[in-house]
Number of protein chains: 2
Amino acid sequence: MERLEIKKGQILQRKGDTNTKVYQVESGLLRSYSIDEKGKEHIFMFAPEDWLMADNVPADLPADLFIDALEDTVVITGAKDFDKGHDTVKLIKRIGALQKRVIMLMSASAAERYEHFLKTYPQITQRVPQRMIASYLGITPETLSRVRKA
Amino acid sequence: MERLEIKKGQILQRKGDTNTKVYQVESGLLRSYSIDEKGKEHIFMFAPEDWLMADNVPADLPADLFIDALEDTVVITGAKDFDKGHDTVKLIKRIGALQKRVIMLMSASAAERYEHFLKTYPQITQRVPQRMIASYLGITPETLSRVRKA
DNA sequence: TTTATTTCTTGACCTATATCAATGCATAGC
DNA sequence: GCTATGCATTGATATAGGTCAAGAAATAAA
């Protein structure tokens with residue numbers, strides 16, 4: 001357990017890295033993302049204050065995601081330790097959020113996704129560029145721009 | 001905790017129902033799905049033997065998903081009890097699977113999703129109709145048919 | 001075995017979103 | 001203050017997948 005201060009733009013984890021830590025955000029903003037074989041970024045999650053950032057693959061496998069800071073950020077790092085220190089209620093809430101996200105990705109239009117994002121994460125909306133919101137929603141910046149204009 | 005035998009086609013839970021149970025599958029096959037405002041079905045998950053079927057919203061809120069049996073099925077029902085009876089390692093694995101699913105929905109083509117499904121769930125492929133696989137993958141039966149033909 | 005229903009496939013056409021390029025605006029760096 | 005870079009918007013075009021309908025095949029029910 002360790003307290004880290006990192007600068008905007010600094011990378012905490014790259015795909016393929018050993019993957020043994022989780023990051024509790026004290027202040028600032030992290031994101032995790034993957035890069036597909038066309039080189040396109042797909043943001044999996046943002047983590048502002050009080051959120052836990054983790055790459056959810058077992059600690060004995062290489063990382064699936066990049067993790068970096070979108071603002072100067074302070075985190076408390078913890079080891080991935082599956083047998084203790086986890087709040088079951090928080091894990092189940094996270095599963096619930098992912099359930100809704102999967103259903104939305106299968107069924108909602110770009111506009112509907114954006115509307116939902118605005119309502120659910122109004123604070124994050126103010127802190128990240130539009131192109132990152134587009135990436136998180138699974139659409140292009142151009143499509144997001146058109147959706148916002150409509 | 002109770003052991004239930006249900007018939008193919010029988011519904012265990014409807015959207016809006018009270019939502020206080022989880023279902024451990026002993027034999028058979030369950031699915032959970034939502035219906036969007038156009039009346040279209042979106043399958044969230046299949047649960048064959050040894051899988052746990054749950055609607056991952058808190059027990060004090062109404063259900064988000066329908067759950068029904070695709071075959072004659074035997075389940076052990078349990079109460080949603082967030083403070084005990086949960087295997088943290090299994091919850092984290094489930095989050096990991098959903099993480100990969102979200103990234104795939106944002107970045108993979110229909111063909112890539114189908115290919116991945118075949119590799120990951122070969123047994124389920126044999127037990128459910130194509131139209132349900134399409135629904136789970138977030139594509140239409142016509143698209144799946146064309147992808148398979150290519 | 002026959003009939004009814006469901007599922008799958010295919011063709012033709014449509015649509016939501018992607019791609020590409022260009023331009024303007026905002027922000028960062030010097 | 002100026003220049004460079006990043007971001008957002010817009011137009012034109014392309015594309016992946018959706019929609020609709022019809023017919024064939026498979027499965028279920030009688």
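Heavy atoms only: backbone and side chains are in, while hydrogens, waters and symmetry mates are out. Residue numbers begin at 1 in each chain, while the letters A, B, ... track the order of the sequences. Since the structure is predicted, the reported quantities are computational estimates derived from the model, not experimental observations.
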Whole angstrom is fine here: how far is it from [atom1] in [X] over to [atom2] in [N]?
X	N	atom1	atom2	answer
B:Lys7	D:dA28	NZ	C1'	15 Å
A:Leu137	C:dT17	CG	C1'	13 Å
A:Ile139	D:dT15	CD1	P	21 Å
A:Ile133	D:dC7	CD1	P	13 Å
B:Lys40	D:dG17	NZ	P	12 Å
A:Lys38	C:dT17	NZ	C1'	13 Å
A:Leu70	D:dG6	CG	P	15 Å

Subject >> Approximate separation, where rounding is to 0.5 Å, of B:Leu29 CG and B:Lys8 NZ >> reply: 10.0 Å
**OP:** Any chance you could measure B:Arg31, atom CZ, to B:Ile124, atom CD1, to the nearest 0.5 Å?
**Re:** 13.5 Å
Expected output is a numbered-order residue list: members of [range] with a heavy atom under 4.0 Å from any atom of DNA chain D. What is it?
range	value
residues 124-132 of chain A	A:Pro129, A:Gln130, A:Arg131
residues 107-120 of chain B	B:Ser109, B:Ala110
residues 142-150 of chain B	B:Glu142, B:Thr143, B:Arg146

**OP:** Give me the ring orientation class for B:Tyr136 and B:Tyr121: parallel if the planes are under 30° apart, tilted from 30 to 60°, perpendicular past 60°.
**Re:** perpendicular
Original post:
Any side-chain heavy-atom pair from B:Met106 and A:Leu105 closer than 4.5 angstrom?
Top reply: yes
Original post:
Heavy-atom distance under 4.5 Å between the side chains of B:Tyr33 and B:Asp68, does that happen here?
Top reply: yes
Original post:
Looking at A:Arg146 and A:Glu142, does any basic side-chain N land under 4.0 Å from a carboxylate oxygen?
Top reply: no
Original post:
So does A:Arg3 pair up with A:Glu5, basic N to acidic O under 4.0 Å?
Top reply: yes
**OP:** Using the closest heavy atom to pick a nucleotide of DNA chain D for each, name whichever of B:Lys8 or B:Thr140 lands nearer the 5' end.
**Re:** B:Thr140
Original post:
Just wondering, are more than 12 heavy atoms of other shown residues or ligands nearer than 6.0 Å to CZ in A:Arg127?
Top reply: yes
**OP:** Determine whether more than 12 heavy atoms belonging to other residues, nucleotides or ligands lie under 6.0 Å from atom CD of A:Gln123.
**Re:** no
Original post:
Of all heavy-atom pairs between B:Ile103 and A:Ser34, which one has the smallest distance, and what is that distance?
Top reply: CG2-OG, 3.3 Å
**OP:** Assign B:Gly138 to base, sugar-phosphate, or nothing according to its heavy-atom contacts below 4.0 angstrom with the strands shown.
**Re:** sugar-phosphate
Subject >> N/O donor-acceptor pair under 3.5 Å between A:Lys100 side chain and A:Ile95 backbone >> reply: no
